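Remarks on the structure that follows.
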Amino acid sequence: MNVEIEKQVGKNIRSLREKAGLTQEQLAAKLQLGGCDITRSAVAKIEVGQRHLYPDEIILIRKILNTSFESILDI
């Protein structure tokens with residue numbers, strides 16, 4: 001994946017997370033409860049484009065943040 005795309009998707013997730021009033025720790029905990037093996041540190045890396053997202057993570061993030069795939073993947 002293109003680094004610039006990863007950075008933009010990460011920025012989108014951060015913005016959506018903040019609008020939802022969640023911390024990185026809270027988002028990681030909700031992802032863990034949903035079956036994703038992820039830490040707060042991994043969420044932080046996703047938000048700055050340093051870690052790839054897996055399809056199951058994108059699906060669960062969309063559900064947790066009550067948003068659309070388009071909002072997450074908007075570049």
Side-chain angles (χ1 to χ4, degrees):
M1 189 179 232
N2 181 299
V3 174
E4 292 305 315
I5 292 173
E6 289 188 23
K7 286 182 181 180
Q8 185 58 53
V9 170
K11 285 180 186 178
N12 294 345
I13 291 171
R14 179 179 181 179
S15 176
L16 292 163
R17 175 184 58 77
E18 289 174 344
K19 285 180 186 175
L22 295 175
T23 65
Q24 291 175 342
E25 187 70 38
Q26 290 168 325
L27 178 56
K30 288 178 180 284
L31 285 163
Q32 290 169 5
L33 288 173
C36 291
D37 184 22
I38 194 167
T39 63
R40 189 221 44 91
S41 177
V43 171
K45 288 180 180 180
I46 288 167
E47 290 184 353
V48 296
Q50 293 179 350
R51 180 186 176 279
H52 297 292
L53 278 162
Y54 293 97
D56 59 333
E57 293 170 343
I58 297 170
I59 292 166
L60 196 50
I61 287 170
R62 183 200 60 80
K63 183 177 177 184
I64 291 167
L65 299 179
N66 192 30
T67 191
S68 65
F69 292 116
E70 290 81 9
S71 295
I72 294 171
L73 301 174
D74 183 39
I75 54 168

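Computed over heavy atoms, backbone and side chain alike; hydrogens, waters and symmetry mates excluded. Keep in mind the model is a prediction, meaning the values are calculated, not measured.
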Between Ala28 and Arg40 the two heavy atoms that sit nearest each other are CB-N, 3.7 Å

Distance from Leu53 atom CG to Leu60 atom CG, nearest 0.5 Å? 11.5 Å

Kindly give the heavy-atom pair with the smallest separation between Phe69 and Ile59, and that separation in Å. CE2-CA, 3.9 Å

For the CZ atom of Arg14 and the CD atom of Glu47, what is their distance to the nearest 0.5 Å? 6.0 Å

Please check if the side chain of Asp74 supplies one atom and the backbone of Asn12 the other of a donor-acceptor pair under 3.5 Å. no

Membership question, hydrophobic clusters at under 4.5 Å side-chain separation (ILVMFWY): are Ile13 and Tyr54 in the same one? no

How many angstroms lie between CG in Leu73 and CD in Gln8, if you round to the nearest 0.5 Å? 11.0 Å

Heavy-atom closest contact (Ile38 atom, Glu57 atom, distance): CD1-OE2, 3.9 Å

Distance col, row Glu18:CD vs Gln24:CD, nearest 0.5 angstrom, shows 8.5 Å

Is the backbone N or O of Leu22 less than 3.5 Å from a side-chain atom of Arg17, with the two atoms forming a donor-acceptor pair by type? yes

Euclidean distance, Ile72 CD1 relative to Ile61 CD1, rounded to 0.5 Å: 6.0 Å

Lys19 and Thr67, any side-chain heavy atoms less than 4.5 Å apart: no

Atom NZ of Lys30 and atom CG of Leu65: how far apart are they, to the nearest 0.5 Å? 9.5 Å

Minimum heavy-atom separation for Glu4 to Asn2, with atom names? N-OD1, 2.7 Å

